[in-house]
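Notes to accompany the following structure.
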Amino acid sequence: MPVEGQSYYKKHRDSYEAYRKKVKRFTLQFSLKDTEAQEWFYQQKDPGLYLKMLILEDKERQTKRDQEIEATQEVVEKRMAENYEITQAVRIGGKEVVFGMDETNAEPYFCAFYTANELFYEYSDCMVGDNFAEMMKLFGERIQQQAGKVLAEQEQASVPLAPLTPGDCFPNSYDECIEGKIVAVKTSALAPEYRTANHQLVYVTGGNGAQATARGNACFCINLYSGRHIRWERYDIQGEVKPDKLPEWAKERLSGILQQEQAKKEQRRSDKEAR
């Protein structure tokens with residue numbers, strides 16, 4: 001009898017352990033403040049089944065939401081030019097050289113230049129074809145063409161091109177006004193081929209972002225090398241250039257720019273008086 005009793009007990013214990021491995025249990029606890037949720041939960045005919053239903057419904061909602069997000073991301077990630085999906089792009093020399101494909105088109109390969117600003121974008125010099133190798137050759141030639149323009153510009157530059165580092169500038173404190181000062185643009189804000197001093201150094205003429213503790217970011221500037229008017233954001237500014245780090249060519253260019261700006265102001269004043 002003892003042996004048979006032990007055998008029954010062991011068989012029952014093994015069966016219970018096997019059941020425990022199959023069924024996961026947990027305790028649902030309500031706090032004292034959860035009276036409304038607790039009352040509603042226990043009003044259900046089968047609270048356990050009700051909880052399971054809630055879990056499955058929540059899973060369905062989350063799965064659907066994840067699928068919608070994934071589908072949206074797929075759409076956003078696709079860059080299109082008409083029906084051509086842009087698969088490759090290289091930005092150099094102020095333009096992007098792009099290559100696209102449309103497998104449903106008789107001429108499935110596309111190559112163009114792409115430019116954009118805050119308001120508009122444009123694909124120009126668009127070419128399509130049915131020979132992949134020829135179109136890829138054109139894509140490569142256009143990249144070389146743009147690189148050649150950058151190299152020619154660098155060779156023609158009459159000033160040292162070494163970029164200014166953060167150590168060459170005072171910290172860009174938002175508590176200070178930078179209007180009327182020479183600042184250096186961060187190299188990280190410039191395209192890789194333009195990370196040189198002649199593209200960094202600008203004279204700040206105004207803009208809300210140039211003021212101390214400003215809410216905006218716009219800084220209106222004049223490039224000291226080219227004389228071109230340009231806008232930068234305050235967070236793109238590395239800082240005011242230290243006097244002993246400012247190249248001589250920049251000082252000379254600033255003098256000429258200030259004279260030109262003064263002449264423009266006087267002309268505008270004269271034109272206004274003439275009216």
Side-chain angles (χ1 to χ4, degrees), residues 91-96 114-122 124 149-150 153-154 156-275:
R91 187 186 187 285
I92 186 168
K95 291 183 179 181
E96 223 179 351
Y114 174 82
T115 53
N117 57 32
E118 293 82 3
L119 299 175
F120 306 103
Y121 70 88
E122 178 187 29
S124 59
K149 290 180 180 179
V150 174
E153 178 192 301
Q154 292 175 352
Q156 293 169 9
S158 57
V159 300
L161 299 179
L164 283 85
T165 67
D168 297 326
C169 306
F170 295 114
N172 182 24
S173 172
Y174 284 77
D175 294 329
E176 296 181 6
C177 175
I178 59 173
E179 184 175 348
K181 296 181 179 179
I182 297 176
V183 300
V185 177
K186 295 177 182 177
T187 53
S188 59
L190 293 160
E193 67 272 27
Y194 293 139
R195 291 174 182 174
T196 52
N198 59 331
H199 289 284
Q200 275 185 291
L201 289 170
V202 297
Y203 174 71
V204 183
T205 59
N208 190 35
Q211 309 307 312
T213 62
R215 293 183 179 180
N217 279 296
C219 297
F220 300 113
C221 313
I222 300 175
N223 180 282
L224 290 181
Y225 181 75
S226 67
R228 185 165 64 95
H229 288 257
I230 189 170
R231 168 181 167 165
W232 286 105
E233 304 302 312
R234 183 64 182 258
Y235 49 77
D236 291 325
I237 303 300
Q238 188 164 266
E240 180 187 359
V241 181
K242 296 175 180 178
D244 60 327
K245 298 296 183 180
L246 187 63
E248 286 299 320
W249 68 263
K251 297 176 185 177
E252 295 172 2
R253 297 291 177 100
L254 175 62
S255 177
I257 287 172
L258 291 178
Q259 290 177 12
Q260 291 175 5
E261 291 299 303
Q262 184 61 33
K264 289 179 182 178
K265 287 182 180 179
E266 292 177 357
Q267 184 63 47
R268 285 195 293 269
R269 188 182 303 116
S270 176
D271 292 342
K272 186 175 181 180
E273 292 173 353
R275 291 176 194 154

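In this chain, residues are counted from 1 in sequence order. Computed from heavy atoms alone, side chains included, the values below leave out hydrogens, waters and symmetry copies.
For Arg215, the side-chain contact (heavy atoms from CB on, under 4.5 Å) test picks out no residue, with sequence neighbours left out. Scanning for side-chain contact (heavy atoms from CB on, under 4.5 Å) contacts around Glu266 gives Gln262, Arg269, with sequence neighbours left out. For Arg195, the side-chain hydrogen bond (donor to acceptor under 3.5 Å, both in side chains) criterion is met by no residue, not counting sequence neighbours. Considering only residues two or more places apart in sequence or on other chains, Asp271 meets the side-chain hydrogen bond (donor to acceptor under 3.5 Å, both in side chains) condition with Gln267. Under the side-chain contact (heavy atoms from CB on, under 4.5 Å) criterion, Ser255 pairs with Gln259, not counting sequence neighbours. Every residue two or more places apart in sequence or in another chain that forms a side-chain hydrogen bond (donor to acceptor under 3.5 Å, both in side chains) with Asn172 is listed here: Arg234. Checked against side-chain hydrogen bond (donor to acceptor under 3.5 Å, both in side chains), Asp236 has no partners two or more places apart in sequence or in another chain.
Scanning both residues, Ala214 and Gly209, for their nearest heavy atoms gives CB-CA, 4.2 Å. Among all heavy-atom pairs drawn from Gly94 and Thr115, the shortest one is O-CG2, 4.0 Å. Here the closest non-hydrogen pair linking Pro163 and Asp168 is O-OD2, 4.4 Å. Closest non-hydrogen pair, Glu153 versus Asn198, comes out as OE2-ND2, 4.3 Å. Nearest approach of Ala197 to Leu164, heavy atoms of both residues: CB-CD1, 3.7 Å.
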Considering only distance and modelled atom types, tabulate donor-acceptor pairs under 3.5 Å from the side chains of residues 241-249, sequence neighbours left out.
residue : atom : partner : partner atom : Å
Lys242  : NZ   : Gly167  : O            : 3.1
Glu248  : OE2  : Lys251  : NZ           : 3.2

Below 3.5 Å, can you tabulate the donor-acceptor pairs from side chains in residues 174-190 to any protein atom, sequence neighbours excluded?
residue : atom : partner : partner atom : Å
Glu179  : OE1  : Gln211  : NE2          : 2.8
Lys181  : NZ   : Cys177  : O            : 3.2
Lys186  : NZ   : Tyr235  : O            : 2.9

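Listed by first then second residue, pairs satisfying salt bridge (charged side-chain N to carboxylate O under 4.0 Å, His left out) with a partner in residues 252-264 read Glu261-Lys264, not counting sequence neighbours. Within the structure, ring-ring contact (aromatic ring centres under 6.0 Å, His included) contacts touching residues 180-201 (residues at least two apart or in different chains) are Tyr194-His199. For residues 217-228, the set of pairs meeting the side-chain hydrogen bond (donor to acceptor under 3.5 Å, both in side chains) definition, not counting sequence neighbours, comprises Asn223-Ser226.
Remark: Cys219 SG to Trp232 CH2 distance equals 11.0 Å, nearest 0.5 Å. The CG atom of Leu224 sits 9.5 Å away from atom OH of Tyr203, with the distance rounded to the nearest 0.5 Å.
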